[in-house]
Trainee: 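So that we are looking at the same thing, I have put the structure below in structure tokens.
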Amino acid sequence: MTTNETHTSLIMIFGATGDLAKRKLYPSLFHLYRKGKLADKFAIIGTARSPWTHEEFRANVKDSVLTALGSNEQIDDFASHFYYQPHDVTDSESYIKLRNLAGELDSKYELQGNRIFYLAMAPEFFGTIADHLKSDGLTETEGFKRLIIEKPFGHDLESAEKLNAQIRQSFAEEEIYRIDHYLGKAMVQNIEVIRFANAFFEPLWNHRYISNIQITSSEKLGVEERARYYEKSGALRDMVQNHMLQMVALLAMEPPIRLSTDEIRSEKVKVFRALRPIEGEEVNNYFVRGQYGPGSIDGEKVEGYRNELNVDPQSNTETFVAGKLMIDNFRWAGVPFYIRTGKRMTAKSTKIVVQFKDIPMNLYKNNHDQLNPNLLVIHIQPDEGITLHLNAKKSGQNMQTNPVKLNFSNEGSNGINTPEAYEKLLYDCLQGDATNFTHWDEVALSWRFVDKISEVWENTTSSTFPNYSSGSMGPDDADKLVEKDGFFWWNVTDLDVEDCK
Ligand code: NAD
């Protein structure tokens, strides 16, 4: 569903003093407000432990918007819609106060009983909050009720199932919006358009013409202050179970019969069902784990993971994963999808490289000319765009070839107005459009896949950790994983949009 209608709603943010709310949610809400996409009839209740007043909260909201966007036009009016209620998530009395405030704001702003509950808090509270929202009467409302839930959704399939069963006591599946913020990114949303709106891609989008697909999501940052969470999660749970597998699903799915939430989700689910399960001894043939050691990033020396704050000096947690995924269906038989993601790598970059097969006969090889494979590169972040790598004739009398790049940079055309992922996702939720959120079936199948890998890794201590230097592109074994199939990782920094202009 996509309409330009604005909806009136109360948005209740749990964890309103937290990092996510400050850095992402308030600036995104402000953008929506400035664009006229939030009706005048909206109110936000922030809740957290801090004993703030409404005024203190508004000052904080203004500060976060000014820091993120440097804008102050209409900021006072925007902030006047914000209310604060100190809260303890386990205490019914807190919820009753929230319910009363919600009721007052409902009348004041004529919100028609529409309520969005945004859980921007540590995941151990998700289930408890959902329970209280129902038992303390906050979900008893005449309008819609929707629950936005942050990642991670569970720690493995078992805990995700438990959490899901608990939340489903208070909200129906179609009222649950599980955030995967990659699905809000402009170029991730573009994958479907590139595939299904271009006559020259879709006919080639299969095992006959594509040799392999590579998805890299690399960060320069280390674990920062997140070690308490990350030590238990690692890159596999933090990045692969959700973001990486979601990108694979969008790249691999069959064309949906229409662009409705249900149809798109059902095609994505089929991809997860076709994913070859990797388990037991096979895990080390298909997956490589890594942990960063000391090294240098942008010329500055940095510590290894085991020396970071709150990290066990013997930690077995992976900060890097490379994997080869096989999708066992007609379209993708034999085509590897390589994924790799990690911290403290050479560059901050998320890119998809679709490598096409070589043409059946290279007429130019006789001229000692190596034809470069055709590539479609989708730049997800920080650059946004598409690059097509082709071969063309060199200028002059000879018939030698030259690689050329056709480049579309999203930045150049509408970059200034490219909304943040969170802005898009908040707007989608206001519209009742759950397409870019993950359905339970997707979550369950991706945990089932990932659990088999973590089971092996958790039961065998890596003897090689740390096995890549900070500032590199990961362990050598990640290169070997691809090389044994006759391929190599495309260097993400060589593929940057700027290099292609
Ligand atoms: P945070 O630690 O900065 O904030 C947590 C918030 O919860 C604070 O407002 C705190 O007051 C509140 N809180 C904690 N215990 C409470 C209790 N007992 N009762 C009431 N309030 C309580 O966390 P964050 O970084 O904002 O992350 C929130 C969620 O968003 C997490 O699920 C995280 O995984 C997810 N997330 C965060 C980011 C990010 O950029 N920060 C990105 C992606 C996902």
Side-chain angles (χ1 to χ4, degrees), residues 11-29 44-52 56-57 60-61 63-64 67-68 82-98 117-133 136 138 147-155 159-160 163 167 176-185 188 217 219 221-235 237-239 241-244 246 309-310 341 343 348 350 381 420-426 429 436-438 443:
I11 304 176
M12 206 176 269
I13 299 177
F14 290 82
T17 61
D19 177 66
L20 180 77
K22 271 195 244 170
R23 283 193 310 113
K24 302 287 184 191
L25 303 187
Y26 305 140
S28 297
L29 286 165
I44 316 274
I45 301 180
T47 79
R49 277 175 307 192
S50 311
W52 285 357
E56 277 172 295
F57 182 42
N60 272 277
V61 169
D63 186 54
S64 81
T67 308
F82 283 69
Y83 296 80
Y84 187 81
Q85 177 71 55
H87 185 75
D88 174 351
V89 288
T90 55
D91 172 27
S92 273
E93 237 175 78
S94 289
Y95 290 89
I96 289 162
K97 283 187 194 149
L98 270 181
F117 305 97
Y118 195 126
L119 309 192
M121 291 198 47
E124 62 258 39
F125 298 124
F126 293 164
T128 311
I129 299 174
D131 282 350
H132 277 281
L133 289 176
D136 294 320
L138 281 113
L147 182 75
I148 307 186
I149 197 155
E150 266 297 335
K151 80 164 198 186
F153 197 90
H155 178 75
S159 56
L163 173 61
I167 290 171
I176 303 172
Y177 291 69
R178 298 179 193 81
I179 290 250
D180 183 325
H181 66 273
Y182 270 55
L183 296 181
K185 290 185 188 291
V188 173
S217 187
E219 280 182 67
L221 289 178
V223 70
E224 310 289 288
E225 297 90 35
R226 293 174 68 220
R228 271 186 228 284
Y229 154 73
Y230 199 82
E231 272 281 88
K232 286 189 233 125
S233 147
R237 292 190 171 95
D238 191 45
M239 289 295 296
Q241 181 270 335
N242 37 44
H243 313 314
M244 303 301 278
Q246 282 293 326
L309 183 71
N310 296 323
T341 179
K343 292 190 178 295
K348 175 178 171 59
T350 303
Q381 66 178 11
E420 257 278 359
Y422 278 94
E423 179 185 334
K424 288 218 199 95
L425 296 174
L426 277 164
C429 180
N436 294 312
F437 296 80
T438 43
V443 175

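All ligand and atom numbering here is 1-based and tracks the order in the structure.
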Trainee: Would you say F153 touches ligand 1, if touching means a heavy atom closer than 4.0 Å?
Mentor: no

Trainee: Is atom 2 (O) of ligand 1 less than 4.0 angstrom from some protein heavy atom?
Mentor: no

Trainee: Of D88, T90, I129, T47, which meets side-chain contact (heavy atoms from CB on, under 4.5 Å) against Y95?
Mentor: I129

Trainee: Give the ring-plane orientation class for Y118 versus Y422, where under 30° counts as parallel, over 60° as perpendicular and anything between as tilted.
Mentor: tilted

Trainee: Test your reading of the structure: does T17 have an N or O sitting under 3.5 Å from an N or O of ligand 1?
Mentor: yes

Trainee: For ligand 1 and A21, I'd like to know whether there is a polar contact (N/O to N/O, distance under 3.5 Å).
Mentor: no

Trainee: Which atoms from ligand 1 have a heavy atom of H87 less than 4.0 Å away?
Mentor: 19 (N), 20 (C)

Trainee: Which of the numbered atoms in ligand 1 are below 4.0 angstrom from a heavy atom of Y422?
Mentor: 43 (C)

Trainee: Which part of W52 is near ligand 1, with near meaning a heavy atom under 4.0 Å away: side chain, backbone, both or neither?
Mentor: neither

Trainee: Would you call A16 a ligand 1 contact, heavy-atom distance under 4.0 Å?
Mentor: yes

Trainee: Looking at atom 23 (O) of ligand 1, what's its closest protein heavy atom, distance included?
Mentor: D19 N, 4.5 Å

Trainee: In ligand 1, which numbered atoms sit nearer than 4.0 Å to a non-hydrogen atom of R23?
Mentor: 39 (C), 40 (O), 41 (N)

Trainee: Nearest heavy atom to atom 27 (O) of ligand 1: which of L119, V89, L20 does it belong to?
Mentor: L20

Trainee: Using a 4.0 Å cutoff against the non-hydrogen atoms of F125, which atoms of ligand 1 qualify?
Mentor: 15 (N), 18 (N)

Trainee: Report the part of A120 (side chain from C-beta onward, or backbone N, CA, C, O) that has a heavy atom under 4.0 Å from ligand 1; answer both or neither where that applies.
Mentor: backbone

Trainee: Name the closest protein heavy atom to atom 44 (C) of ligand 1, giving the residue it belongs to and the distance to 0.1 Å.
Mentor: E150 OE1, 3.1 Å

Trainee: What part of M121, side chain, backbone, both or neither, has a heavy atom within less than 4.0 angstrom of ligand 1?
Mentor: both

Trainee: Starting from atom 34 (O) of ligand 1, find the nearest protein heavy-atom neighbour and note its residue, name and distance.
Mentor: K151 O, 2.8 Å

